[in-house]
Amino acid sequence: MTRGLPLLWSVVSLLGLLGLWWVLALGADPRVFPAPPAVLEALLREAASGDLARHLGATLARVAAAFVLALTIGSAIGIALGMNHGLDRLFDPWVVLFLNLPALVVIVLAYVWFGLNEVAAIGAVAVNKIPNVVVTLREGARALDRSYAELARVYRFSFASRMRDVVLPQLQPFFAAASRSGIALIWKIVLVVELLGRSNGVGFQIHLHFQLFDVATILAYALAFVAVMLLVETLLLRPYDRYATRWRAPHA
Amino acid sequence: MTRGLPLLWSVVSLLGLLGLWWVLALGADPRVFPAPPAVLEALLREAASGDLARHLGATLARVAAAFVLALTIGSAIGIALGMNHGLDRLFDPWVVLFLNLPALVVIVLAYVWFGLNEVAAIGAVAVNKIPNVVVTLREGARALDRSYAELARVYRFSFASRMRDVVLPQLQPFFAAASRSGIALIWKIVLVVELLGRSNGVGFQIHLHFQLFDVATILAYALAFVAVMLLVETLLLRPYDRYATRWRAPHA
Amino acid sequence: ALEPVRVGVLKFGTVNWELDAMKNAGFDHAAGVDVEIVPFAGEDASNVALQAGTVDVIVSDWLWVSRLRADGADFTFVPYSSSVGAIMVPQGSALRTLADLRGRKLGVAGGPLDKSWLLIQGLARRDHGLDLAAENDVVYGAAPLLAEKARQGELEAVLNFWHHNARLEANGFRTLVGAEDAAAALGASGPVSALGYVFSEKWAQARPLAARGFVQASRATKALLSSSDAEWERLAPLVRADGAELLALRDRYRDGIPARPAAEDEADAARLHAVLAELGGEKLVGRSPVMAPGTYWPGLADGF
Amino acid sequence: MLEVDIASKTYPAVGGPPLLAIEGLRFSVPDGTFACLVGPSGCGKTTCLRILLGLERDFDGRTVLPGGNPRIGVAFQEPRLLPWRTVEENVRLALPKAMRARPLHDLFARLGLDGFENFYPGALSLGLARRAALARAFAVEPGLLLLDEPFVSLDEATAQDLRALLLDVWQARPTTALMVTHNLREAAQLADRIIVLSQRPGQVRGEHLIAVDRTRRTPEAVNAICAEVSARFPGLL
Amino acid sequence: MLEVDIASKTYPAVGGPPLLAIEGLRFSVPDGTFACLVGPSGCGKTTCLRILLGLERDFDGRTVLPGGNPRIGVAFQEPRLLPWRTVEENVRLALPKAMRARPLHDLFARLGLDGFENFYPGALSLGLARRAALARAFAVEPGLLLLDEPFVSLDEATAQDLRALLLDVWQARPTTALMVTHNLREAAQLADRIIVLSQRPGQVRGEHLIAVDRTRRTPEAVNAICAEVSARFPGLL
Ligand SMILES: Nc1ncnc2c1ncn2[C@@H]1O[C@H](COP(=O)(O)OP(=O)(O)OP(=O)(O)O)[C@@H](O)[C@H]1O
Ligand SMILES: Nc1ncnc2c1ncn2[C@@H]1O[C@H](COP(=O)(O)OP(=O)(O)OP(=O)(O)O)[C@@H](O)[C@H]1O
Ligand SMILES: [Mg+2]
Ligand SMILES: [Mg+2]
């Protein structure tokens with residue numbers, strides 16, 4: 001498999017999706033289900049006015065900050081709970097509680113307590129996402145192969161080496177799952193956060209255009225974010241996956 | 001470990017959480033951060049009027065239906081993509097797209113196209129959740145131990161047996177992660193769905209009371225759902241986990 | 001037989017008060033219609049419901065109607081209330097006029113394209129050369145959250161919807177400037193309706209008795225609500241207010257009952273539309289620079 | 001006839017030049033006979049079995065299995081039991097549908113597995129796990145047996161019992177067997193022919209046919225065969 | 001002095017009665033000597049090593065390691081390499097900080113691992129993997145060697161080389177060694193004492209001290225020792 005091929009596949013696949021969309025849109029009310037050109041037009045309009053870059057930038061910054069926070073804190077807690085049965089028994093109800101607290105509640109409380117500012121916004125998003133990371137990594141840590149832990153014990157690996165060389169490589173699939181669905185979930189919560197109390201960002205824009213029932217512009221913003229995520233997937237996540245799993249036998 | 005003990009731990013843990021909440025609430029504005037008695041009062045009031053049961057019932061029914069849909073469809077797709085590199089290359093962009101489509105967009109489009117009915121609501125929730133299940137199970141399927149697949153091939157396991165006896169047991173941690181964070185995510189989306197187009201459900205109630213800034217009632221509804229999830233966790237998920245992982249060496 | 005009419009409303013919204021009073025007094029049956037109240041938790045939900053055909057009537061504003069008509073929809077509008085938003089400050093605040101707002105932390109419910117917000121901005125620019133949006137720390141957000149933040153004192157002033165303002169008023173706030181003042185200053189000859197019942201023209205044509213009957217029942221109800229204090233006492237649990245709050249809500253509601261012939265209202269609305277088109281641009285008003293013809297329901301030729 | 005004709009088999013290596021595991025490996029095993037494959041560690045024996053099992057498709061050459069598509073009983077080099085299934089389930093899962101219900105106690109008893117039927121593999125010693133894997137290979141009534149060092153990690157007494165069992169299974173029905181071993185005595189005791197491989201890339205150094213009837217392979221006879229093979233292939237022992 | 005005194009070790013079994021693996025296992029190995037543990041499959045040998053390694057804490061009895069807390073070189077019964085680290089990384093990770101940078105080519109070369117340093121374990125044959133595990137055990141300059149059947153899956157020539165290497169490592173510094181094997185010849189060739197275990201629950205059937213100097217253990221001498229041991233412990237071979 002050459003490095004160029006996957007990109008080609010992605011392009012083919014996206015073109016297929018575009019075609020499907022266009023065909024479906026042909027028969028539909030353009031107000032409700034606009035065809036690609038209408039959305040492109042909206043996209044170009046927003047891009048030209050500078051709005052797109054500004055709002056997308058704001059959202060991406062929030063997503064990135066909340067992602068880093070949620071992934072580090074969440075995986076530390078998740079791994080600790082997964083590896084320590086006693087801790088897990090004690091804190092499992094807390095995890096369930098925070099997992100199922102509605103985003104709205106957390107966001108509103110964060111705004112009310114910490115003010116309408118970025119810290120509250122990003123903190124609220126992280127609090128929403130952390131329990132998700134916890135349960136994913138916890139399952140991973142529960143399923144760790146004990147024979148490698150024994151090896152590390154016998155050969156007196158340091159704590160750092162135990163994590164870096166023994167635990168984390170086994171958790172790779174769980175990290176991959178948590179980070180992919182993590183970015184997506186965080187972005188969805190950021191939309192709510194922006195809707196409730198921020199003055200910029202894609203969520204703010206989407207809601208604005210939702211009030212005007214301007215579906216084309218809503219889709220333009222949504223797809224702009226999706227495009228960024230496709231780039232992240234292609235340029236960061238996929239190559240990292242390949243690197244992290246290079247030791248697995250290559251695909252037959 | 002006797003069967004009764006974990007329950008005891010849960011109770012201790014929840015009491016600790018309750019105490020923490022109470023202490024924190026002592027110094028706060030009760031409108032904004034009500035203490036447990038205020039929330040209990042709201043809970044009893046809603047329960048007495050029958051609202052709680054009705055709305056909670058409606059929400060649980062939606063959560064259950066969407067969960068079953070999303071988990072079956074999502075894991076079928078996820079396993080297929082994880083096991084088939086070619087398919088994955090082709091459909092990865094689609095997954096990224098659907099993963100990152102804002103819930104709002106999907107919900108509004110579903111309502112507008114299919115009407116404001118249960119089918120549209122549950123379908124929209126499932127569409128939101130499916131990509132999450134896909135990415136989690138896909139990672140699991142990618143990490144499948146190939147030696148067992150070879151065994152199944154050599155001994156000519158049927159397709160059903162290959163799934164039941166070889167693939168699914170290896171995916172157990174991924175199912176556990178997907179179902180726990182799955183229920184939570186679905187419930188959060190159901191809240192949005194109910195906000196945007198249903199006339200009952202916990203999400204409907206929470207938003208109503210948000211309009212009035214009645215935090216105690218909001219918390220009452222949120223915690224009622226959390227309580228149900230704690231029961232589900234204790235009575236269904238945990239015992240199932242224990243059953244599914246009984247072959248792993250018991251905890252040292 | 002009675003004509004069924006499904007109305008999508010906010011469960012605790014002001015429209016629901018009116019409909020509840022209507023059903024309670026039997027005005028709908030008297031007018032030959034059977035009103036079914038379909039409660040929703042958010043404003044957006046009723047918009048979606050109307051578009052999806054799940055309800056026949058919702059409450060929205062003429063700007064929205066005009067914009068959608070320009071895009072090819074056939075919604076139309078019957079005035080319901082002229083109550084609009086206002087900028088509120090605490091009683092003890094040093095802020096007295098619009099000009100004092102410069103450089104303040106200001107909360108705005110309804111987003112940057114809210115009609116009240118645009119009108120007040122227009123006024124500030126005209127009278128004080130002040131660009132409110134640019135020269136203040138503006139926080140857009142959810143109305144209940146902003147009301148709470150104003151109470152907490154994090155915001156120095158808040159532009160909110162009238163029913164939130166009425167509650168604030170009862171809790172020691174006063175109006176700094178109302179959107180109706182701005183509208184008047186910008187050329188309206190009287191109180192312009194802000195919200196109205198919105199339905200599809202097609203529906204009204206197919207079911208003329210339903211549309212007219214509903215409008216009639218609404219008027220009868222308004223008459224009752226403007227005269228009877230007892231009816232407000234009855235509504236208190238639905239309004240979720242008592243004491244001063246209830247009185248403030250009652251009075252503001254009564255202030256907002258449209259009292260002018262619809263034609264005058266429409267003329268003023270068209271004038272404001274032009275002003276808004278200038279202030280908000282195409283983003284706000286959509287394709288049509290003038291208010292789309294038929295925005296006000298032509299079937300309303302009689303009466304007001 | 002089991003026929004192996006592998007012109008070459010290379011493995012792509014991560015971050016290095018590809019590795020040539022086998023080059024020009026050619027041998028055959030007549031139907032119903034027992035062959036042993038002997039050769040230095042890393043010379044491609046397991047690779048050869050994997051190719052026969054259809055698990056490696058990317059190679060130059062061709063293979064023919066006896067009877068076209070025989071049922072194969074296989075013992076991988078490691079036990080390879082499904083950890084989430086009990087010993088008995090592991091064996092039954094490998095059985096064709098029609099044989100699923102057959103009684104297995106006798107087999108388990110002969111393998112010293114009685115009492116362990118309901119154990120999960122994680123609770124077995126390595127020797128017990130190997131025996132479970134052998135139970136699976138024997139239970140399917142195979143037309144072809146491919147065994148990769150089946151008797152390591154077993155004490156000599158147990159191993160000797162199991163060799164006898166292997167011969168019983170092999171003789172019960174017309175079965176072709178190919179077994180990898182590093183134990184020349186074992187090969188001398190069981191096989192009709194010993195195929196000796198070279199260092200990697202593996203090819204056949206030579207074959208040694210054993211004429212002595214199996215029933216007459218006393219320890220002395222086995223010693224003699226071993227001496228003969230060692231003399232013919234210096235460095236083997 | 002390595003001292004083992006295990007009154008009993010039971011494993012809880014999933015859905016069955018607990019399994020008594022060891023009962024009254026008592027033996028000791030003087031500092032700097034080499035002992036072999038021999039016994040039937042499933043008798044508790046691996047369990048005994050696991051207890052010594054501190055991996056099983058739930059047992060009745062006590063153990064003493066030579067020098068209190070020696071650095072241990074261990075070869076588990078399976079290679080147990082980290083699949084996501086190369087051969088060389090696997091070895092280096094086990095080294096104490098101070099030794100991390102030491103050159104390893106000579107060791108790899110003697111183990112026949114040269115050229116495989118950058119391979120991931122998944123690309124090794126089982127014999128190569130075992131050698132990598134041995135490289136790890138030897139590289140740490142252990143004060144105590146615990147080896148669980150280290151030389152299976154190796155051809156006899158390679159195994160013989162490695163046994164010589166093992167003796168070199170053991171002699172280079174004062175090291176106590178305990179090795180599990182099913183190969184009596186191997187034991188006779190390497191050990192100062194052979195400890196023979198009973199069927200499960202494992203206990204000591206007897207010990208056989210070997211007086212012959214290691215340098216004078218010719219094949220004939222080894223044969224003689226084996227014969228002696230077999231005679232003393234019938235059924236062992
Ligand atoms: N997946 C793989 N990728 C790369 N190289 C491999 C792979 N599998 C095996 N090899 C290499 O191929 C060669 C032959 O391996 P094979 O497992 O067939 O040896 P073997 O004869 O069975 O050895 P042993 O007696 O040690 O089991 C070895 O050098 C091994 O490192
Ligand atoms: N985790 C476990 N749970 C339950 N039983 C176990 C467990 N580990 C080992 N056993 C049992 O304990 C007994 C001794 O096992 P052990 O691995 O010590 O045997 P061994 O002497 O090393 O055998 P072999 O030579 O086959 O490796 C066996 O019957 C085995 O089934
Ligand atoms: Mg091999
Ligand atoms: Mg063992």
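Just so you know, these numbers come straight off a predicted model, no measurement behind them. Order of the sequence lines fixes the chain letters, A, B, ..., with proteins taken first and strands second; residue numbering starts at 1 for each chain.
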In terms of heavy-atom pairs under 4.5 Å with chain B, which of [options] leads?
{"options": "A:V105, A:L104, A:I218", "result": "A:L104"}
{"options": "A:G16, A:P102, A:G203", "result": "A:P102"}
{"options": "A:V108, A:V95, A:I183", "result": "A:V108"}

Parallel, tilted or perpendicular: which one describes the rings of A:W113 and B:F33, with boundaries at 30° and 60°?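 Tilted, since the angle between the ring planes falls between 30° and 60°.
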Need one label for B:V215: side chain, backbone, both or neither, based on atoms under 4.5 Å from any heavy atom in chain A.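 Side chain only.
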Just wondering, more than 12 heavy atoms not from B:F98 lying within 6.0 Å of its CZ?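 Counting other residues, nucleotides and ligands, CZ of B:F98 stays at 12 neighbours or fewer.
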Please tell me if the side chains of B:L223 and A:L97 come closer than 4.5 Å, counting only heavy atoms from C-beta onward.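 They are in contact (side-chain heavy atoms under 4.5 Å apart), so the answer is yes.
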Any side-chain heavy atom of B:K188 sitting closer than 4.5 Å to one from A:N128?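 Contact flag for B:K188/A:N128 side chains = yes.
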Between [options], which shows the greatest number of heavy-atom pairs under 4.5 Å with chain A?
{"options": "B:N132, B:L90, B:V12", "answer": "B:L90"}
{"options": "B:G140, B:A143, B:G86, B:A227", "answer": "B:A143"}
{"options": "B:L99, B:V232, B:T136", "answer": "B:L99"}

Any donor-acceptor pair under 3.5 Å linking the side chain of A:R180 with the backbone of B:E139?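 Judged by distance alone, no pair lies under 3.5 Å.
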Distance-only, no hydrogens or angles: does the B:W94 side chain make a donor-acceptor pair with backbone N or O of A:L17 under 3.5 Å?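 Between the backbone of A:L17 and the side chain of B:W94 there is no qualifying donor-acceptor contact (under 3.5 Å).
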Contact summary for A:L101 and B:A222, nearest pair of heavy atoms: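 Scanning both residues, the minimum pair turns out to be CD2-CB, 4.5 Å.
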